[in-house]
Amino acid sequence: MLLPAPVPAVARRAVAVESSPVREILALTARPEVITFAGGLPAPELFDVEGIRSAYDRVLAESPWRALQYSTTEGDEGLRSAIADRTTARGLPTGAGDLLITTGSQQALTLLTTALLEPGDVVLVEDPCYLAALQCFGFAGARLVPVPTDDEGLDPVALEEIAARERPKLLYLVPTFQNPTGRTLPEARRVAVAEAAARHGFWIVEDDPYGELRYDGEHVPWIASVPAAADRAVLLGSFSKIMAPGMRLGFLRAPEALLRSCVIAKQAADLHTSTIDQAAAAYYLRDSDLDAHVRVIRAAYRERRDAMLQGLPEALPPGSRWNRPEGGMFVWAALPEGYDASELLRVAVEHEVAYVPGAPFFVGAPDPSAMRLSFTTHSPEEIAEGLRRLAKAFE
Ligand code: PMP
């Protein structure tokens, strides 16, 4: 009898890149009794369900054949124009032709790695960094090099030295209300990053899904708007945090030649982002007031952030530190020396409260005392209760 030959193994990169530990923690904390600060989700009760439903209704009533058909890879003209106008209004002159619609900004990361990275290329990342970006660069076979950060984000002096030594292909960063730290890079550092990129010849990938969620302080201009970065900055945006993540709509703004390569990469990946979802978003941007909706989200999240900041002094052991983010979804905290946030998570979950340990977000030496606390999905009262449970867990 013929013995079947073994099936070929999966590619080495598929083994090398691990499942996100954060996703596994989220699965652990899915019980409804748990007050969880672990997620990075927008608050579902704030989705503009009525406005979104009416946008889909209009699309299906007025242009069903177009909305249900294949469409161009670059994306819906009306949606790209509306995004271009919003981007221009926020200080970065942009035309529809500068933009590619992506299936969430996560896909933009995949397209960029396909278009730019050879195996072994050096990618500089903030330390700590957004996890799914690390996975994405890992699949491309990139060599990840961490750049140290402080309370104001990426350290430009360290960047200069590392860039001179490592000859990176690109720097990936989330300069505004970063995931996981909530930090915002000040303007002078943004200019320094742009100048370092021009001096050392690397791309800047500026990922900005949280920028519109500002609760206080002043808007800081995008790195992409610093003249030194004009020919080498890629800006990623997303509707996930201001409209609805389930629509999977993001965009990529890049210089022409790179944009072209990303369009070809996207043809191979998924032909185009869902026609009907793009059309509905375009209707929404035309007929509803997204800015008014964002103001509603901001007001709610500001209250929730404040509830968290108010409760933290009682919740965490003496000697803990945490920041005060001016926007976004996350507070970044450090327990006192000797505490291990990963080990304590089990105790916290027994007390029906959860957070994400900070260690997995590091490419360099992890800080075992760090933790990420999301404040968006619970009311101020629930946040206060969650923090009381955390205090008990840490006793
Ligand atoms: N970048 C960052 C920094 C994020 O935190 C997220 C989602 N949490 C994404 C990109 C992906 O967002 P989406 O694909 O939903 O646009």
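Count residues from 1 along the sequence. Indexing begins at 1, ligand by ligand and atom by atom, following the structure's order.
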For Val174, the ligand 1 atoms with a heavy-atom partner under 4.0 Å come out as 3 (C)
Any side-chain heavy-atom pair of Tyr56 and Tyr283 under 4.5 Å
no
Per-atom filter on ligand 1: closer than 4.0 angstrom to a heavy atom of Ser240 are 13 (P), 15 (O), 16 (O)
To atom 14 (O) of ligand 1, the nearest of Met329, Gln107, Arg248, Met247 on a heavy-atom basis is Arg248
The answer for which part of Tyr210 has a heavy atom under 4.0 Å from ligand 1 is side chain
- Below 4.5 Å, heavy atoms only, C-beta onward: do Leu112 and Leu236 meet side chain to side chain? yes
Note: ligand 1 atoms sitting under 4.0 Å from heavy atoms of Asn179 are 5 (O)
Exercise. Indicate, with yes or no, if the rings of Phe137 and Tyr172 have centres closer together than 6.0 Å.
Key: yes
Please test Tyr215 against Asp306 for side-chain hydrogen bond (donor to acceptor under 3.5 Å, both in side chains), starting from the C-alpha separation and ending with a verdict. CA-CA 10 Å; Tyr215 316 132; Asp306 290 346; over 6 Å; no
Any N or O of Asp207 that comes nearer than 3.5 Å to an N or O of ligand 1? yes
At under 4.0 Å between heavy atoms, what of Lys241 touches ligand 1? The answer is side chain
Closest to atom 12 (O) of ligand 1 among protein heavy atoms sits Ser105 OG, 3.3 Å
| said: Looking at Glu350 and Arg389, is there a salt bridge between them, counting it only when a charged N and a carboxylate O are closer than 4.0 Å? | reply: no
Test salt bridge (Lys or Arg N to Asp or Glu O under 4.0 Å), reference Arg304, set Glu382, Glu45, Glu381, output is Glu45
Under 4.0 Å, counting heavy atoms only: does Pro209 come that close to any atom of ligand 1? yes
Residue, atom and distance of the protein heavy atom nearest atom 9 (C) of ligand 1 read Tyr130 OH, 3.3 Å
- Message: In the structure I gave you, are the side-chain heavy atoms of Val220 and Thr176 within less than 4.5 Å of one another anywhere?
- Response: no
Honestly, for Pro245 the part within reach of ligand 1 (heavy atoms, under 4.0 Å) is neither
Side chains of Arg248 and Thr103 only: does a donor on one sit below 3.5 Å from an acceptor on the other?
no
